[in-house]
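What follows is a set of notes on a single structure, which appears directly below.
For the numbers below, each heavy atom of this structure counts, side chains included, while hydrogens, waters and symmetry mates do not. No experiment lies behind these values; they were computed from the predicted model shown.
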Amino acid sequence: MFTTRTGQPIELRNVYRSFTRVAKDAGLRVVRLHDAATLLTAAGVPPRVVMGILGHSQIAVTMNVYAHVVQDTQREAIGHMDRLLRQRSARP
């Protein structure tokens with residue numbers, strides 16, 4: 001857990017406000033933490049890694065929140081496999 005200079009817990013809205021300022025100053029696109037985690041999941045980053053980044057204590061929390069992204073990624077992977085198998089079977 002991170003704290004303020006006075007030892008108090010950091011409030012999420014203050015973290016986001018600081019992140020937004022730093023990102024804009026650096027010329028970066030501002031994304032919410034949820035958006036970043038969705039992008040990581042969609043990119044195939046293992047759920048346990050995403051869990052660690054988000055600070056979830058249980059993988060079930062991560063999977064419940066991002067299961068739709070995992071399912072979309074699985075559908076995409078199955079589509080790739082289908083195309084590859086069709087190409088291979090079309091060869092003489």
Met51 reachable from Val61 in the ILVMFWY side-chain graph, under 4.5 Å edges = no

Which pair of non-hydrogen atoms, one from Val30 and one from Phe19, has the smallest distance, and what is that distance?
-> CG1-CE2, 4.4 Å

Quick one: side-chain hydrogen bond (donor to acceptor under 3.5 Å, both in side chains) partners of Arg83, sequence neighbours excluded?
-> His80

Check whether any side-chain heavy atom of Ile59 sits under 4.5 Å from a side-chain heavy atom of Pro47, and report yes or no.
-> yes

side-chain hydrogen bond (donor to acceptor under 3.5 Å, both in side chains): which pairs involve residues 9-21, sequence neighbours left out?
-> Glu11-Arg13, Asn14-Arg17

Determine whether Val65 and Ile53 fall in the same hydrophobic cluster, where Ile, Leu, Val, Met, Phe, Trp and Tyr are linked whenever their side-chain heavy atoms lie under 4.5 Å apart.
-> yes

Could you name each residue pair satisfying side-chain hydrogen bond (donor to acceptor under 3.5 Å, both in side chains) that touches residues 43-62, not counting sequence neighbours?
-> His56-Thr62

Without swapping roles, check the side chain of Asp82 against the backbone of Ile78 for a donor-acceptor pair under 3.5 Å.
-> no

